[in-house]
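Atoms within a ligand are numbered from 1 in the order they appear, just like the ligands themselves. One-based numbering along the sequence shown. A quick note: this is a predicted structure, and the numbers were derived from the prediction, not measured.
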Amino acid sequence: MTSKQVKAMAGAVRTAAGAVRPVPGARITGGLLHHWQVRNSAATIPHTIEQLRAAGNVANLSRLLEQDPAPYRGRYPFLDTDLYKTLEGLAYELGDGRAAEPVREFYDEVVGLLERVQAEDGYLNSFFQDPAAAKKPWEDLAWGHELYNLGHLIQAAVAAARRMGDERLLRVAGRFADLVVERFAERGVCGHPEVEMALVELYRETGVRAYLDLAAAFVDRRGSGQIEHSIFPADYFQDHVPLRELPSVTGHAVRMAYLAAGAADVFLETGDRSLFAALERLWDDMVASKLYLTGGLGSRHSDEAVGDRYELPSERAYSETCAAIAVMQWGWRMFLATGGAKYLDVFERVLYNAYAVGLSEDGRAFFYDNPLQRRPDHEQRSGAEPGGEPLRRSWFGCPCCPPNIVRWMAQLADYVAAERDGALLIACYTSARITGERLDLAMETSYPWDGDVGLTVGRAPEEPYGIVLRVPGWARGATVTVNGEPHDAAPSAKRAEAAADSPGGSADGGWLRIERRWAAGDEVRLTLPMPIRAHGSHPHLDATRGALGIARGPLVYCVEQQDSPSAAVDDLVVGVADVAGARAGRRGEAVVLGVTAGAAPPPSTELYPELPLEQAAITETAVSATFVPYFLWGNRGPEAMRVWVRSRTTNGKKAT
Ligand SMILES: [Zn+2]
């Protein structure tokens with residue numbers, strides 16, 4: 001990489017109003033996240049390219065260069081975005097030197113097509129540019145997704161410019177963005193938010209203020225009734241009230257979280273406090289009442305919607321993979337704004353659970369929706385999508401999730417660390433090489449399988465400098481040593497002090513700061529104990545009342561029927577003491593949990609038996625079951641699965 005590129009990267013990620021800034025110079029070198037990135041390069045990306053070609057996404061562009069274009073393929077007008085998301089991922093792959101030659105060929109082919117297909121005035125969309133298209137450009141802002149298309153084009157273009165030094169896509173995206181700045185100067189807003197985040201990035205990359213102003217205008221226009229909605233209600237589009245007045249996250253889950261992430265980007269550059277106050281309020285409300293234990297967002301298949309507070313059914317969870325990515329995007333921007341560790345706790349919960357479960361172990365099949373339970377007689381909708389596969393599918397007619405997984409997997413290193421003046425912050429633990437502005441670190445760890453993290457200082461400044469370690473919200477009794485000497489006997493007991501020292505002045509703690517004059521070779525060791533935890537749920541959350549969920553570190557666990565040989569998973573009864581006494585073991589690299597539970601088949605086949613005055617004790621027999629990380633479920637065939645298992649109540653008796 002040239003120094004010009006590095007300079008461009010460092011400049012581009014510095015925000016005007018953020019408390020902390022990203023560290024673009026990190027590389028993941030080992031552990032689970034590295035395994036994911038290797039799998040992305042070796043399996044998911046080649047598979048995605050194959051599927052994009054087979055589904056017609058590439059041909060949709062190339063046909064427009066013919067005299068008499070073939071019909072547009074696919075049901076939706078936003079299929080260009082799946083190319084854009086893939087290109088964005090490939091920019092990281094190519095920039096980081098992970099990609100093989102066919103990937104470069106695909107990248108160049110599609111970039112070349114986009115350059116040639118783009119209209120004279122800058123417009124670019126393979127659905128609407130077809131002379132035979134059923135609709136004209138800008139005719140249907142609610143469903144046309146044209147600005148959503150532009151958003152993903154911009155994000156691919158910015159990634160290519162920053163990571164590869166290739167500005168071809170940036171020129172294409174800039175021409176389209178200029179057209180949009182002119183066309184949307186006064187009114188109009190897209191039915192699907194996304195372009196807001198992208199326009200702010202384009203502003204960071206180019207310095208053109210009009211892009212930032214338009215992003216801010218799009219955030220503020222939503223809620224003014226400018227979206228013509230016929231099938232779905234206004235709240236589906238977050239268009240029923242302005243974002244600043246929205247009482248709670250609502251409507252289509254991906255739209256909601258993309259909008260919030262875009263608004264957070266607007267704040268990061270404008271410092272608009274009232275906008276940020278709304279985002280903080282919406283975030284806190286979402287975390288308190290609308291997120292699954294896995295970090296998933298979206299409780300309804302109907303309208304792919306968020307749902308009401310505490311409406312979190314397990315087997316009908318929608319929890320779209322794209323919504324998981326959107327929540328991470330939003331959370332990361334909230335962290336940049338405040339330095340608050342609580343945002344990273346959610347980010348990490350989503351990363352290892354609601355996001356990771358979306359991809360199969362072999363990297364070639366995807367969940368669109370991510371339920372927390374599969375019933376033994378679950379009927380899979382089939383025929384509507386190619387393959388009709390019973391679990392994850394190789395592709396979708398609406399393939400928004402697979403290339404979203406690809407681009408996010410490719411950029412994970414950007415979320416490992418952050419900086420503020422005088423300190424380097426570790427946001428996510430993974431084996432990595434981190435090149436900060438003043439300090440370089442090598443991090444070695446098997447996280448999330450265990451909580452031991454070793455950091456070795458490389459380049460260091462002359463004067464005292466801070467290394468700030470995140471102490472996750474679930475961690476109790478974390479310890480740290482510097483060159484073998486205890487640094488702080490009980491940092492987690494000092495969360496209040498940590499809060500005062502929090503980088504953004506935020507009051508949520510979760511940081512451990514070590515400040516000293518560092519020398520190359522200095523070693524810091526952080527130990528985050530990872531006991532196995534039992535989680536209950538809020539009493540208003542009807543769907544999981546009387547049940548418990550099991551977690552260890554950032555991972556949520558589940559039980560599949562294959563691992564409960566003596567009892568149906570629906571009949572398992574587990575107490576908090578059973579969870580505390582569970583045994584951690586290995587299955588390959590993964591840590592699995594052996595739990596001694598009870599089995600209690602239903603006492604009656606009646607659906608609604610009349611209750612006696614005094615409830616009889618539950619009769620149980622002791623059984624063993626193995627719980628596996630939720631993100632690994634569904635890789636051994638379609639059998640029953642549960643995250644939430646029946647919880648032993650005080651009147652329960654376990655046979656010994
Ligand atoms: Zn999706």
Taking 2.8 Å as the upper limit, name the protein N, O or S atoms near the Zn ion (ligand 1). Glu320 OE2, Cys322 SG, Cys400 SG, Cys401 SG

Give a yes or no answer on whether the side chain of Glu146 reaches the backbone of Trp138 with a donor-acceptor pair at less than 3.5 Å.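 A pair under 3.5 Å: yes.
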
Modelled atom types, side-chain donor and acceptor of [X] and [Y], under 3.5 Å:
X: Ser299; Y: Lys290; result: no
X: Gln373; Y: Arg316; result: no
X: Tyr318; Y: Glu304; result: yes

May I ask you to decide whether Arg53 forms a salt bridge with Glu109, counting only side-chain N to carboxylate O separations under 4.0 Å? yes

Indicate yes or no: does Asp80 engage Lys85 in a salt bridge with an N to O separation below 4.0 Å.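 Answer for the salt bridge query: no.
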
